[in-house]
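This report concerns only the one structure given below.
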Amino acid sequence: MPRPALPAVLLPLLGLVTAAVADCPSSAWVQFQDSCYVFLKEAIKVESIEDVRNQCTDHGADMVSIHNEEENAFILDTLKKQWKGPDDILLGMFFDTDDASFKWFDKSNMTFDKWTDQEDGEDLVDTCAFLHTKTGEWKKGNCEISSMGALCKAAIPYEKKYLSDNHILISALVIASTVILTVLGAIVWFLYKRNSDAGFTTVFSTAPQSPYNDDCVLVVAEENEYAVQFD
């Protein structure tokens, strides 16, 4: 008896799992860890960095912040292969004159940097930070330049991440249940077919047989005929 093709059964369910964990707003966004990223290729005249930031906030996001080497490498790779961005991308940070330090617009902590042009005593007022896509390093520059696009980042809400974890669990349970039911169904069908075949054979093997064979029947018939002649 052919066994059920489990991989074919699982493919649609695996598709459901993939759909369940798609947490970004649309296919234009790219997910990495707990955030979604999009590069908006709208060319605008930048009078301040806020003009670029408004492009992101209009899409429910903020300008990109980077917190480790892996995230920096991911952005660099995606800019080159998918977004085809310019050589320099504005980062979502500003120079806070109150404590003379750079800070992220999204209020996350400055836990990582990749500066290539650190200089003591330089005037950093109205200075923006850029990711140089050729090297992956950061550099400082004037904010009043023409922007070739905005790199935006949106964190996946806790509620959505929580639901996604539940979706993965539910999908896994559905797949496991389907496999178990498929295997049980195959076993039941196998037992049913085996019993059916055994019952069919029994019917023919237990058919009532005559206590006489053919020779006995012939002798009895001749005796009866002989007795009739003498009667």
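Here, residue 1 is the first one in the sequence, and each next residue gets the next number.
Scanning both residues, Gly92 and Met63, for their nearest heavy atoms gives CA-CB, 3.3 Å. In this structure, Trp83 and Ala28 approach most closely via the heavy-atom pair NE1-O, 4.3 Å. Closest of all the heavy-atom pairs between Trp29 and Ala61 is CH2-CB, 3.8 Å.
Distance check: Asn109 CG to His67 NE2 gives 8.0 Å after rounding to the nearest 0.5 Å. Separating the CZ atom in Phe105 from the CG atom in Leu91 is a distance of 11.0 Å, to the nearest 0.5 Å. Rounding to the nearest 0.5 Å places CZ of Phe130 at 13.0 Å from CG of Leu151. Considering CD1 of Ile156 and CG of Asp23, their distance stands at 4.5 Å, rounded to 0.5 Å. Note: Met93 CE to Met110 CE = 4.0 Å, rounded to the nearest 0.5 Å.
Contact annotation: the side chain of Lys103 approaches that of Ser101 to within less than 4.5 Å [non-hydrogen atoms, C-beta and beyond]. No side-chain heavy atom of Ile49 sits less than 4.5 Å from a side-chain heavy atom of Phe94. Counting only heavy atoms from C-beta outward, the side chains of Gln55 and Asp58 never approach each other to under 4.5 Å. The side-chain heavy atoms of Ile66 and Lys114, taken from C-beta on, include no pair separated by under 4.5 Å. Side-chain contact check for Leu40 versus His59: some heavy-atom pair is nearer than 4.5 Å. Contact check for Lys139 versus Asp88: side-chain heavy atoms found under the 4.5 Å cut-off. Looking at heavy atoms from C-beta onward, Leu131 lies in side-chain contact with Leu79 at the 4.5 angstrom threshold. Side-chain atoms of Val30 and Phe74, non-hydrogen and from C-beta on, do get closer than 4.5 Å to each other.
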Report the C-alpha distance between Asp62 and Lys153 in whole Å, list the side-chain angles of each, state the deciding distance to 0.1 Å, and finish with yes or no for salt bridge (charged side-chain N to carboxylate O under 4.0 Å, His left out). CA-CA 6 Å; Asp62 209 331; Lys153 174 181 177 180; over 6 Å; no
Could you please spell out the steps behind the side-chain contact (heavy atoms from CB on, under 4.5 Å) verdict for Thr116 and Thr135? CA-CA 10 Å; Thr116 186; Thr135 63; over 6 Å; no
Candidate pair Gln82 and Phe39, rule side-chain contact (heavy atoms from CB on, under 4.5 Å), full reasoning: CA-CA 10 Å; Gln82 181 170 333; Phe39 181 64; over 6 Å; no
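Results of the side chain to side chain contact (heavy atoms under 4.5 Å, CB included) test with Lys80 over Asp77, Leu76, Thr78 single out Leu76 as the only residue that passes.
Taken together through direct or relayed side-chain contacts under 4.5 Å among Ile, Leu, Val, Met, Phe, Trp and Tyr, Trp189 and Leu181 form parts of separate hydrophobic clusters. In this structure, Val183 is not a member of the same hydrophobic cluster as Ile180, with clusters built from ILVMFWY side-chain heavy atoms closer than 4.5 Å.
Under the 3.5 Å distance criterion, the side-chain polar atoms of Ser35 are left unmatched by any main-chain donor or acceptor of Phe32. Listed for the Thr133 side chain is a donor-acceptor partner under 3.5 Å among the backbone atoms of Asp87.
Residues satisfying the ring pair (Phe, Tyr, Trp, His ring centres under 6.0 Å) test with Phe102, not counting sequence neighbours, are Phe95, Trp115.
Each disulfide bond (SG atoms under 2.5 Å apart) pair with one or both residues in residues 54-94, not counting sequence neighbours, appears once here: Cys56-Cys152.
Between the side chains of Trp138 and Asn72, at least one donor-acceptor pair of N or O atoms lies under 3.5 Å. A side-chain donor-acceptor contact under 3.5 Å links Asp106 and Ser108.
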